[in-house]
There are 2 protein chains.
Amino acid sequence: MDRVLTGSSPQVLRALNARRVLDHAWDVDAFTASDAMAWTGLTRSTVIGVCDHLVRQGWLDEVDDARAVGDYRKGRPARRYALSDRAAVVVGLDAGYDHMTATVADLRGTPLARSTVGIPARTPESIDRLADAEARRAFARRTIEQAIASSGVDPRQVLAITVGVPAPVDDAGRSPGHHWFWELVNPGFGSTLAGLAPIVQIENDANLLAIAEGAVEEGRGRGVHSYVAMVVGEGIGSGLMIDGRLIRGRRGGAGEMRFLDRVEGVGSPDGLALLCRAWAIEAIRSGTLPEGSLLGRLDPDTLRESDVEEAADAGDAAAIAILDRLGDRLAVICLVVGDLLDVDLVIVGGAIADALPAVIRRARATLADSDDPTAPELVASRLGPEAVGTGAIHYALGLVRERALDLAPGARHVA
Amino acid sequence: MDRVLTGSSPQVLRALNARRVLDHAWDVDAFTASDAMAWTGLTRSTVIGVCDHLVRQGWLDEVDDARAVGDYRKGRPARRYALSDRAAVVVGLDAGYDHMTATVADLRGTPLARSTVGIPARTPESIDRLADAEARRAFARRTIEQAIASSGVDPRQVLAITVGVPAPVDDAGRSPGHHWFWELVNPGFGSTLAGLAPIVQIENDANLLAIAEGAVEEGRGRGVHSYVAMVVGEGIGSGLMIDGRLIRGRRGGAGEMRFLDRVEGVGSPDGLALLCRAWAIEAIRSGTLPEGSLLGRLDPDTLRESDVEEAADAGDAAAIAILDRLGDRLAVICLVVGDLLDVDLVIVGGAIADALPAVIRRARATLADSDDPTAPELVASRLGPEAVGTGAIHYALGLVRERALDLAPGARHVA
DNA sequence: CCGAATAGATCTAGAGCCTAGATTTATCCG
DNA sequence: CGGATAAATCTAGGCTCTAGATCTATTCGG
């Protein structure tokens, strides 16, 4: 911060080493100079110089728990450093169709505050393009500002904001304009939020689910490097994490599932929650259900997916048939995507993961029985409704981590 | 080379700058210190130091055509440097099912020598796993050694060898063992070739086609960053270049096309050349062809794809119908892959690009007529039979370019 | 043919960053 | 309280970079 370098200069080396140390600092609770020496191969003098540098910049804190931890027995106790997790924060905004949730989290990803607003529903008929876009941008900004306020951090400490939307998003943060829904849910948040943080990024919600799942997996042992995260509910979207990185495609449309209308045994890109209801209603109205059918007693107008699952649990044959059909459908989708992309694992989130676990069980069984040696494993997301927000946080943290040294973390005004 | 560094040291900076300069040197014919200053933002003194360094290592030559080129008008003429393209070479081996072709190329990718051998055909019945594997490894080594010998370069100048095989290949260069064909065509070349070059890499042939097409496109203007390269002949394989990088998947199986048996209007992963012959034979044997049909006159036992195309060109209705069917099939494949991966462009190589251009024309027309706003463009590869070899060369060059400074190029023994 | 004008090459300090090794400091242990 | 031990600090020296002065090769106009 104190000096801006033209091109490359002697200080570049220092910056490089600082980067290496800081990056490792993210993965541990605290560390000593000896740890950093092992990480980097640098001399103790150098490492200490680098750490001092990072402390001065606000990235590291010197934590004096050398004796408290009890990690050592003999010799002079080592100074210990730790990522200054309260020095800066990031914000993740889950900007869904009918609600928005902003989460403020520290540099470790621990949520500090959360704020939610509901949004009036819109249909292609009731939409007012410009007004609704403007309203949505205002909702987003207000939700984020509320979350920041209730977290109690200085707004200047926000280094990055990530917004998750249910639409494909290209490198510049835009969604294709030829679709009313995409245009509605991604009305160009960039300019509205630009003032709130040095980094603002829009991202597809399924991609964020993929990132969230990856972060969780990494937490428990080794990360999986190729998997697909599917958001299955009213529609189907997917985030493709292949070879350890997210596949976006030309216009951010990678993972779109329209092609399912050409797959045998699928035939449409509809979401399984939608189909579950549609098939149940069809069965009820067909009048072919047997006398005491549980499914038959449901009201077609207020019926929900979970009602069908309950009926099936209670042994209703027609409900079981619907879930079986949905399970087979999901299995076929997994096989197709798994084959083309050679992934290990498909993680399903969205409405279906919560409301229709039996569908996922059924699809798992079908996959296990298949003779395909490369059939992927299928699991339900365990992240629940905060999944997209969590992914947004982790994505934002990744952005901060990448460019950490360009972003001095706040002016270190201790509260 | 003269000193091995422990961890990071002051010399790291020099290495970093050398890397930057050298990397740019690859993209230009020759350059002056002023050019390098613009690239790197370094001082003239520093740049000249770096260039001297690279000349001493053998990567650059000082070319004294300052006045010959006529690039300047006034002032002291600048010293000019150029990548020493003859200082080192790479080898690409196209290791197909029934033949192998090795190509030796200089650091610019210009072919210097080529050597081909035919390989006895094998079927699941006639195969002798161990003996055939050993024979194939020997063929590969011999073909490469022949090509190097006929190129006249010192074998120690070979910095990298890439082998392209018609099978999925994982990070370690292995193909899944559960398939006789894959096991046959990739019998583990790594250990056999390890002595011939410091870098040896096995890669899938469709991936190499993708790299070759990318290198060609980059040559003529800006490179496309998301496209699919398909090798269509007896089977269909594809190389997925998305967001500027090759998608491999867990076991290197990304781009496999077995899932096509689940796509409506396709139904099998068979190659279009195979189907073309099969359908033609079926038509001939069905006895339903009209009296003077050109197609009817062909001998089912010796018929080739190009015969069908010729018949269609001459107006034969049955032949035209076959090509139309093939074209529709190809269009559907493009739509499915294009949708899931959001690619701009599908490039088709293999037997079909040469023998059945009408199929590609027909598929192009179908795609253009489709109401899909994201339908990819379809083009035939123009690289011909050397495509895989060219891709192998470019892949090897990429590897050399990445690790250039770890590989001093030869001992500079001028011929 | 000669002397500006021009632009690249070289030279000279000086500063930053790193290493290696000697010295000092903080702590445990008997 | 005096080793033993491991971390921190200090010192000297080397490498690489920058900035700016000086030198050199060439064109061009008179």
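The analysis underlying the following values was restricted to heavy atoms, covering all of them including side chains, and did not include hydrogens, waters or symmetry mates.
- Among the nucleotides C:dT6, D:dA7, D:dT16, the one closest to the side chain of B:Lys74 is C:dT6.
- In this structure, CD of B:Glu62 is placed 15 Å from P of C:dG8, rounded to the nearest angstrom.
- When the side-chain nitrogen and oxygen atoms of B:Asn17 are compared with OP1 and OP2 of D:dC17, one or more of them lie within a distance under 4.0 Å.
- Between B:Arg79 and B:Asp52, at least one side-chain N (NZ, or NE/NH1/NH2) sits under 4.0 Å from a carboxylate O, which counts as a salt bridge.
- Under 3.5 Å, the side chain of A:Arg76 and the base of C:dT25 form at least one donor-acceptor pair of N or O atoms.
- Put simply, CZ on A:Arg19 is 18 Å from C1' on C:dC17, counting in whole angstrom units.
- A donor and an acceptor atom sit less than 3.5 Å apart, one in the side chain of A:Ser45 and one in the base of D:dC10.
- The aromatic rings of B:Trp59 and B:Trp26 lie tilted to each other, with the angle between the two planes from 30° to 60°.
- Across the protein-nucleic acid pair, A:Arg79 atom CZ and D:dT9 atom C1' stand 10 Å apart, rounded to whole Å.
- Between B:Asp154 and B:Arg156 there is a salt bridge, with a side-chain nitrogen of the basic residue lying less than 4.0 Å from a carboxylate oxygen of the acidic one.
- Taking both residues in full, the closest heavy atoms of A:Arg108 and A:Leu397 are given as C-CD1, 4.1 Å, listed atom of the first, atom of the second, then distance.
- Among the nucleotides D:dT16, C:dG8, D:dA8, the one closest to any side-chain atom of B:Ser34 is C:dG8.
- Going from atom CZ of B:Arg80 over to atom C1' of D:dA25 covers 16 Å, rounded to whole Å.
- Nearest to the side-chain atoms of A:Gln11 among the listed nucleotides C:dA26, C:dC17, D:dT26 stands C:dC17.
- In this structure, B:Leu42 atom CG and D:dC17 atom P are separated by 7 Å, rounded to whole Å.
- Projected onto DNA chain C by closest heavy-atom contact, A:Thr46 and B:Thr32 fall at different nucleotides, the more 5' of which corresponds to B:Thr32.
- Between the P atom of D:dC15 and the CG atom of B:Asp52 lies a distance of 16 Å, rounded to the nearest Å.
- The nucleotide whose nearest atom lies closest to any side-chain atom of A:Thr43 is, among C:dT19, C:dG8, D:dC17, C:dT19.
- Going from atom CZ of A:Arg14 over to atom P of D:dC15 covers 20 Å, rounded to whole Å.
- Of all heavy-atom pairs between A:Ala36 and A:Val47, the closest is CB-CG1, 3.5 Å.
- Atom CG of B:Leu13 and atom P of C:dA15 are 19 Å apart (whole Å).
- Nearest-nucleotide positions on DNA chain C for B:Ala33 and A:Arg44 put B:Ala33 closer to the 5' end.
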